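Structure, as structure tokens:
Protein chains get the first letters and strands the later ones, always in sequence-line order, with residue 1 at the start of each. What you are looking at is a predicted structure, and each value in this text was computed from that prediction instead of being measured.
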Protein chains: 2
Amino acid sequence: MSQLETLLKKYNLSVTEGRKKILQLFLDANAALEHATIEQNAPSLDRVTIYRTLQSFVEKGIIHTIPTTDSSIKYALCKDECGHGHHHDNHVHFLCNTCGTTFCIEQVTIPKIKLPAGFVSQQADLVVSGRCNLCNQN
Amino acid sequence: MSQLETLLKKYNLSVTEGRKKILQLFLDANAALEHATIEQNAPSLDRVTIYRTLQSFVEKGIIHTIPTTDSSIKYALCKDECGHGHHHDNHVHFLCNTCGTTFCIEQVTIPKIKLPAGFVSQQADLVVSGRCNLCNQN
DNA sequence: AATTAATTGCAACAAAGTTTTATTTTTTTG
DNA sequence: CAAAAAAATAAAACTTTGTTGCAATTAATT
Ligand SMILES: [Mn+2]
Ligand SMILES: [Mn+2]
Ligand SMILES: [Zn+2]
Ligand SMILES: [Zn+2]
């Protein structure tokens, strides 16, 4: 049984060509992907299938979403702590303004934020933008 | 000259009915607005006009965008420090999972984040979600 | 008041996302 | 392994969201 199949089974998803393909794209990419990118890299899959696959991957805790200001949604692989229904992605995300890549910065956790009275925090998303390490090497 | 006219002139925008109407909506709302909401509350304005107005308000520094995970864009009034081309909105945003409102939390600034070597930060967005002060009163 | 410049609304279009349904594929069961 | 059941897929139709070009209108300038 391949790594992909094992991973999908672990999350209680039936193993299909489309899911294996999309999961492989995430494993290969060291960065976040969006629907359009996946569509380009998996031309055999129907648009709708990609939407549904991303949705179930999020539900199962395989990938998580990353907020953006440009009405697109980015998705990246979760680490092991995430499971069905409960995400525990407490890390910073970095969007490079030069190459456009979005990275999970797993090493950096989001600091606790002290909110005004009455506000109760359940989750926090922190997206830093700037110039990434690769773009700064050139 | 009305408050609205003064404000628009200050930002070098010609004064039109549509812009006054939309600006008024932002002043009234103590929260972020999205395109669809404005469309509902200003039915006399063409969809396209609303898109263009939001765009020029952002350019002029009257409003700023707030990142979301749901492929929508939220907009909220800027404070005085923002001007043409340079936004200085360094505050936390709060999204209430109960009432759906998005607030600017001006009192809380985004902490400095120490990134891994090679990454250079230009901007940071922090969105906290949970239960807002109003929803916690009931 | 006349001229110029900017904004608006409309139409046409493009892109993004959803819903329904029949077909195909995967999983389960005997 | 084959049959039955369950789940996922593709295709089509549709809705929503966002963009572009252009003529008509409105606002600013002279
Ligand atoms: Mn991440
Ligand atoms: Mn704000
Ligand atoms: Zn980069
Ligand atoms: Zn609330």
Side-chain angles (χ1 to χ4, degrees), chain A residues 1-26 32-60 62-63 65-75 84 100, chain B residues 1-25 32-60 62-63 65-75 84 100 102:
Chain A
M1 191 154 63
S2 80
Q3 178 202 11
L4 291 172
E5 295 182 25
T6 314
L7 203 44
L8 288 171
K9 289 240 170 89
K10 176 184 160 193
Y11 287 100
N12 286 309
L13 287 170
S14 44
V15 178
T16 68
E17 286 310 307
R19 284 175 181 169
K20 282 198 284 183
K21 176 73 184 165
I22 293 178
L23 186 51
Q24 185 67 63
L25 287 176
F26 276 106
L33 300 176
E34 50 191 71
H35 181 276
T37 313
I38 296 170
E39 205 176 330
Q40 287 165 10
N41 288 89
S44 66
L45 298 178
D46 192 83
R47 248 161 35 85
V48 180
T49 301
I50 298 174
Y51 281 117
R52 289 192 273 231
T53 302
L54 289 171
Q55 200 175 296
S56 53
F57 279 12
V58 169
E59 279 166 11
K60 296 294 184 178
I62 300 180
I63 61 177
T65 55
I66 301 169
T68 68
T69 37
D70 72 338
S71 80
S72 77
I73 309 182
K74 305 219 153 153
Y75 301 89
H84 191 163
Chain B
M1 190 154 65
S2 81
Q3 178 202 12
L4 291 172
E5 295 181 25
T6 314
L7 204 43
L8 288 171
K9 288 241 170 88
K10 175 183 161 194
Y11 287 99
N12 287 307
L13 286 171
S14 44
V15 177
T16 69
E17 285 310 308
R19 286 176 179 168
K20 283 197 285 185
K21 176 73 184 166
I22 292 177
L23 186 52
Q24 185 67 61
L25 288 176
L33 300 176
E34 52 191 73
H35 182 276
T37 313
I38 296 169
E39 205 176 328
Q40 286 166 9
N41 288 89
S44 65
L45 299 178
D46 192 83
R47 245 160 36 85
V48 179
T49 301
I50 298 174
Y51 281 116
R52 290 193 272 231
T53 302
L54 290 171
Q55 198 175 297
S56 53
F57 280 11
V58 170
E59 280 166 10
K60 297 292 184 179
I62 300 179
I63 61 178
T65 54
I66 301 168
T68 69
T69 38
D70 71 337
S71 79
S72 77
I73 309 182
K74 305 220 153 150
Y75 302 88
H84 190 164
T102 299

What is the distance from atom [atom1] of [X] to atom [atom2] of [Y], rounded to the nearest 0.5 Å?
X: A/Asp46; Y: A/Arg52; atom1: CG; atom2: CZ; answer: 7.5 Å
X: B/Leu33; Y: B/Lys74; atom1: CG; atom2: NZ; answer: 9.5 Å
X: A/Ile63; Y: A/Leu54; atom1: CD1; atom2: CG; answer: 5.0 Å
X: A/Tyr75; Y: A/Ile38; atom1: OH; atom2: CD1; answer: 8.0 Å
X: A/Leu4; Y: A/Glu17; atom1: CG; atom2: CD; answer: 10.0 Å
X: B/Gln3; Y: B/Leu23; atom1: CD; atom2: CG; answer: 7.5 Å

Exercise. Should we count CD of B/Glu5 as having more than 12 external heavy atoms under 6.0 Å?
Worked result: yes
For this session: Determine, for nucleotides 9-19 of chain C in 5'-to-3' order, which nucleotides have protein heavy atoms under 4.0 Å from the base (write B), from only the sugar-phosphate (write S), or from neither (write -).
Result: BBB----SBBB
For this session: Scan nucleotides 22-30 of chain C nucleotide by nucleotide, 5' to 3', and note B when protein non-hydrogen atoms come under 4.0 Å of the base, S if they reach only the sugar-phosphate, - if neither.
Result: ----SS---
Exercise. Do the non-hydrogen side-chain atoms of B/Ser56 and B/Arg19 ever get within less than 4.5 Å of each other?
Worked result: yes
For this session: Would you indicate whether the side-chain heavy atoms of A/His35 and A/Ile73 approach each other to under 4.5 Å?
Result: no
Problem set entry | salt bridge (charged side-chain N to carboxylate O under 4.0 Å, His left out) partners for B/Lys9, two or more places apart | none
Exercise. Who are the salt bridge (charged side-chain N to carboxylate O under 4.0 Å, His left out) partners of B/Glu39, not counting sequence neighbours?
Worked result: none
Exercise. Between which nucleotides of DNA chain D, 5' to 3', does chain A make heavy-atom contacts below 4.0 Å?
Worked result: D/dA7 to D/dA12
Exercise. Hey, what bend do you get for the helix from C/dA1-D/dT30 to C/dG30-D/dC1 if you fit axes on five pairs at each end, rounded to 10°?
Worked result: 40°
Problem set entry | Minimum heavy-atom distance A/Leu45-A/Gly18, with the two atoms named | CD2-CA, 3.5 Å
